[in-house]
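Step one of this worksheet: look at the structure below.
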Amino acid sequence: MQQQKDLQSSGAQPTDAQVEVAVAAFRMLCDATRLRLLWALAHGEHDVGNLVAAVGASRPAVSQHLAKLRLAGLVACRREGRRMLYRARDSHIRALIAEAVHHADHEVSHIPRHD
């Protein structure tokens, strides 16, 4: 947490490793289905069946996207009986998704910008 504050307050450039991980995360977000999945997962845990209904994609497609998101470290999962429950990995991911969608809302709705 202190390292994050130091980076933000000092204006220091991120390291090469930080940039690589950030780019990989943004790469995962450039797919509409994955963004919709992360939006749902940012608001709670869901199993694949619920996610299929929420995003309107096929079960195999949702499973493949979840695998990619897990591999990228954006999604975590846990087993509950026979079901796997998925969620956004942490508060940073939830905030990233919220900010991206709120930014889009400003663009689409022509809401005045704010700082």
Side-chain angles (χ1 to χ4, degrees):
M1 183 71 163
Q2 185 61 39
Q3 185 179 11
Q4 179 185 358
K5 288 181 181 179
D6 290 345
L7 183 64
Q8 289 174 346
S9 64
S10 71
Q13 289 289 321
T15 66
D16 289 346
Q18 290 168 324
V19 169
E20 275 185 44
V21 172
V23 167
F26 282 120
R27 196 174 290 125
M28 287 292 110
L29 298 178
C30 71
D31 179 272
T33 300
R34 287 194 293 265
L35 184 60
R36 285 186 173 100
L37 285 169
L38 280 168
W39 178 262
L41 296 173
H43 293 89
E45 287 186 317
H46 297 281
D47 63 15
V48 174
N50 289 336
L51 291 169
V52 165
V55 302
S58 69
R59 188 176 202 89
V62 167
S63 293
Q64 287 179 1
H65 285 300
L66 287 170
K68 289 178 183 180
L69 291 167
R70 283 183 63 200
L71 189 61
L74 302 178
V75 168
C77 66
R78 69 180 178 88
R79 183 171 296 282
E80 185 177 89
R82 293 179 53 191
R83 294 185 326 152
M84 289 296 284
L85 295 171
Y86 298 87
R87 68 183 184 286
R89 180 136 199 174
D90 57 36
S91 63
H92 296 292
I93 302 305
R94 290 187 295 274
L96 181 63
I97 298 306
E99 287 300 321
V101 173
H102 293 313
H103 167 74
D105 190 35
H106 281 269
E107 291 294 316
V108 171
S109 303
H110 305 290
I111 298 169
R113 302 199 180 284
H114 52 86
D115 285 331

Working to the nearest 0.5 angstrom, can you tell me the gap between [X] [atom1] and [Y] [atom2]?
X: Leu69; Y: Leu38; atom1: CG; atom2: CG; answer: 5.0 Å
X: Ile111; Y: His106; atom1: CD1; atom2: NE2; answer: 5.0 Å
X: Glu80; Y: Glu45; atom1: CD; atom2: CD; answer: 7.5 Å
X: Arg94; Y: His92; atom1: CZ; atom2: NE2; answer: 9.5 Å
X: Lys68; Y: Asp31; atom1: NZ; atom2: CG; answer: 7.5 Å
X: Ser58; Y: Gln64; atom1: OG; atom2: CD; answer: 7.5 Å

Would you name the heavy atoms of [X] and [Y] that are closest together and state the gap between them?
X: Val48; Y: Val62; result: CG1-CG1, 4.1 Å
X: Tyr86; Y: Leu41; result: O-CD2, 3.2 Å
X: Leu85; Y: Arg83; result: CD2-NH2, 3.5 Å
X: Val52; Y: Arg59; result: CG2-CA, 3.6 Å

Evaluation steps, side-chain contact (heavy atoms from CB on, under 4.5 Å), between Leu74 and Arg89: CA-CA 5 Å; Leu74 302 178; Arg89 180 136 199 174; 5.7 Å; no
May I ask you to test the Leu96-Leu29 pair for a side-chain heavy-atom distance under 4.5 Å?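 When only atoms from C-beta onward are counted, Leu29 and Leu96 do touch, with a gap below 4.5 Å.
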Can you find a heavy atom in the side chain of Val75 that is under 4.5 Å from one in the side chain of Arg70? yes
Are Leu66 and Leu71 connected in the hydrophobic side-chain network, where two residues link if heavy atoms are under 4.5 Å apart?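 As far as the 4.5 Å side-chain criterion goes, Leu71 and Leu66 are not connected within one cluster.
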Quick one: does [X]'s side chain have a donor or acceptor within less than 3.5 Å of a partner on [Y]'s backbone?
X: Asp90; Y: Ile93; answer: yes
X: His46; Y: Ala40; answer: yes
X: Arg34; Y: Met28; answer: yes

